[in-house]
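Since the structure comes first, as structure tokens, the remarks are kept for the end.
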Amino acid sequence: MASDTIERMIVSCGSSAGQLTALLLSSIVLLSFGAKFQITEAASSRQRPGDVNDVGSYFAIEVEDGALRTPDLITKYGYPVESHEATGADGYIISLTRIPPKKPRHRTPMLLVHGLLASSADFLIIGPNNSLAYLLADRDYDVWLADMRGNRYSQGHTRLNSSSPEYWDFSWHEMGYYDLPAAIDYILRQTGARQLNYIGHSQGTTVFFVMASSRPEYNEKIAHMYALSPAVCLKRVRSPPVRWLLQHVFALKDLFDAFGVQQFLPHTSSQYEMSRILCPLNDPNNICMQVVSMTVGPNPDMTDMTAMQVLTGHDPAGASVKQLLHYAQLQRSGKFRQFDYGRRNNTERYSHWNPPAYNLSAVTAPVTIFYAVNDWLIDPRDVVRFSRLLTKPPTMHLVEDENFNHLDFTMAKNARSMVYERILSDLEQRERSNLIL
């Protein structure tokens, strides 16, 4: 029955874009069940030619970086590293990775938060002198990398096991309401600082604005917030696979429910080996590149093949199905609001048949937004619309490269020159002006 359902979904796509959508859907189904069907060592060694992944990189990185965990990546490139945990009020345990400064000279620590299906490694993948976390560490900032609940690094809980359905009953609302406050309080206690700087990419911005609007007291703990491609208004998603997925996400949820699957694209030990087989570096048009381009927007000139393959060892890093459902609701309604459980359940939960909207007028922390023309997930028009909902007007930076896409904020060859240098310069200017106390 499940295979018939998948087949009907794929047949309904039609067109070349639909075929890629079908491919993405097939990949989602396979990867979601991949934890139960591991690739064997014999098959791996038999199918992977030794030379197809021997390609030079624009960055000072190696293909083997895809097999390393976040702390190991940091250690490999000569930086100190510490592992910490913060526990939210609802019992979820959040992993925090710290790159402590060699010469402490900044009062305000930095907190970097990843996007959907991603992890702390996203701020490290393109290596020293390029990745944002390393650039900040090189300037002696106290760098903290968070891993939100449900990804490969943060599946702990004070009483629930991650194998239980109850554990996965969360969306990005709980991340913003519980996880971020816990992480911020922990970092401020550890460092003795009064405030921190926050840098979020995609979902990393969603959870911030959940927190800043629903727990406004935390605005006082933010010196400055840098939003890279803010995922708050999603009405104009241009990615064909993602548009189709958002439109059919509830049918996909029925499929997952039938098999008892609560995780969406969980990280598996085999995914890196599979990607090295299916997506060789010497083929710039391999299936991984096609799917990524159709998802985030094409930008082949700024894409490094080695970095992209390293990425497949880290992402997808896992999420709950409910996270995706919440984004689908946001896209359909055009409103930034809490999870919609249906009229009857909403009334019981919220005392109203509609889920409550997040009060963005409560956001008082200073915000700088970076957005891109070729971002197929977060349309620039939606970013501008979102910016007008903030009572305190944010500083807006439209990336000058017209081909810059959603993933480029963490992966592009010119991410440093287009985005990171502006952040670093802004931080220095704020310190010189005594705006950061």
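In this chain, numbering begins with 1 at the start of the sequence shown.
- Below 30°, between 30° and 60°, or above 60°: for His406 and His201 the angle between ring planes is between 30° and 60°, a tilted geometry.
- A centroid separation of less than 6.0 Å is found between the aromatic rings of Tyr92 and Tyr167.
- Between Phe386 and Phe209, the ring-plane angle classifies as perpendicular under the 30° and 60° cut-offs.
- For the pair Lys253 and Phe264, the cation-pi test (distance below 6.0 Å, angle within 45°) is failed.
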Show your working on side-chain contact (heavy atoms from CB on, under 4.5 Å) between Phe256 and Leu252 and close with a plain yes or no.
CA-CA 6 Å; Phe256 283 165; Leu252 187 61; 4.1 Å; yes

Given Arg215 and Glu217, is the salt bridge (charged side-chain N to carboxylate O under 4.0 Å, His left out) satisfied, shown in steps?
CA-CA 6 Å; Arg215 303 190 69 174; Glu217 66 273 18; 3.8 Å; yes

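- Residues Arg416 and Asn129 have side chains that bring a donor and an acceptor to within less than 3.5 angstrom of each other.
- By the neighbour-count criterion of 12 heavy atoms within 6.0 Å, atom CD of Glu220 is sparsely surrounded, having that number or fewer from other residues, nucleotides or ligands.
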Salt bridge (charged side-chain N to carboxylate O under 4.0 Å, His left out) between Arg236 and Asp382, worked out
CA-CA 7 Å; Arg236 297 181 176 93; Asp382 284 339; 2.9 Å; yes

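- Without hydrogens or angle criteria, His114 side chain to Met148 main chain gives a donor-acceptor distance under 3.5 Å.
- Between the side chain of Gln290 and the backbone N or O of Asn285, at least one donor-acceptor pair lies under 3.5 Å.
- The closest side-chain donor-acceptor pair between Asn354 and Asn346, if any, does not fall under 3.5 angstrom.
- Remark: Tyr341 pairs with Lys322 by the side chain to side chain donor-acceptor pair (under 3.5 Å) rule, at least two apart or across chains.
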Would Asp401 and Asn374 count as a side-chain contact (heavy atoms from CB on, under 4.5 Å) if you check the C-alpha gap in whole Å, the side-chain angles of each, and the deciding distance to 0.1 Å?
CA-CA 9 Å; Asp401 180 359; Asn374 193 41; over 6 Å; no

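- Between the Glu273 side chain and the Ser270 main chain, no donor and acceptor come within less than 3.5 Å of each other.
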Would you sort out whether Val310 and Ile125 count as a side-chain contact (heavy atoms from CB on, under 4.5 Å), showing the intermediate values?
CA-CA 7 Å; Val310 170; Ile125 286 174; 3.8 Å; yes

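- One finds a salt bridge joining Glu62 and Lys76 here, because a Lys/Arg side-chain nitrogen approaches an Asp/Glu carboxylate oxygen to under 4.0 Å.
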Determine whether Phe123 and Val143 satisfy the following criterion, side-chain contact (heavy atoms from CB on, under 4.5 Å), listing intermediate values before the conclusion.
CA-CA 11 Å; Phe123 296 106; Val143 181; over 6 Å; no

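- Inspection of the Asp301 and Asn403 side chains reveals no N or O donor paired with an N or O acceptor under 3.5 Å.
- Among Leu136, Leu111, Thr368, the single residue meeting the side-chain contact (heavy atoms from CB on, under 4.5 Å) criterion with Ile199 is Leu136.
- Checked by atom type, the side-chain pair Tyr141/Asn197 shows no donor-acceptor distance below 3.5 Å.
- Side-chain contact annotation: Asp408 with Asn299, donor-acceptor N/O pair under 3.5 Å present.
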For Asp426 and Arg430, run salt bridge (charged side-chain N to carboxylate O under 4.0 Å, His left out): C-alpha distance rounded to whole Å, both residues' side-chain angles, the deciding distance at 0.1 Å, then the answer.
CA-CA 6 Å; Asp426 190 66; Arg430 290 177 184 282; 2.6 Å; yes

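- Annotation: cation-pi geometry satisfied between Arg149 and Phe170 (NZ/CZ under 6.0 angstrom from ring centroid, within 45° of ring axis).
- Of the N and O atoms on the side chains of Ser120 and Asp147, at least one donor lies less than 3.5 Å from an acceptor on the other residue.
- Judged purely by distance below 3.5 Å, without hydrogens or angles, the side chains of Tyr371 and Ser387 never pair a donor atom with an acceptor atom.
- Remark: side-chain polar atoms of Ser131 are not paired, donor with acceptor, to backbone N or O of Pro128 under 3.5 angstrom.
- Using modelled atom types, no side-chain atom of Tyr153 and backbone atom of Ile94 make a donor-acceptor pair closer than 3.5 Å.
- Between Tyr226 and His224, the distance separating the two ring centers is shorter than 6.0 angstrom.
- In this pair, Tyr177 and His173 present their aromatic rings parallel. The plane angle is below 30°, not in the 30 to 60° band.
- Under the salt bridge (charged side-chain N to carboxylate O under 4.0 Å, His left out) criterion, Asp140 pairs with Arg105, sequence neighbours left out.
- Side-chain rings of Tyr186 and His84 approach one another, their centers coming within less than 6.0 Å.
- Asn130 and Tyr420 are not linked by any side-chain donor-acceptor pair at a separation below 3.5 angstrom, with hydrogens and angles left out of the test.
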Go through it in stages, so that I can follow the logic: the residues are Arg238 and Asp375, the test is salt bridge (charged side-chain N to carboxylate O under 4.0 Å, His left out), and I'd like the CA-CA distance, side-chain angles, deciding distance and then a yes or no.
CA-CA 8 Å; Arg238 285 176 284 169; Asp375 189 332; 5.9 Å; no

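- Side-chain N/O atoms of Ser57 and Asp304 include a donor and acceptor closer than 3.5 Å.
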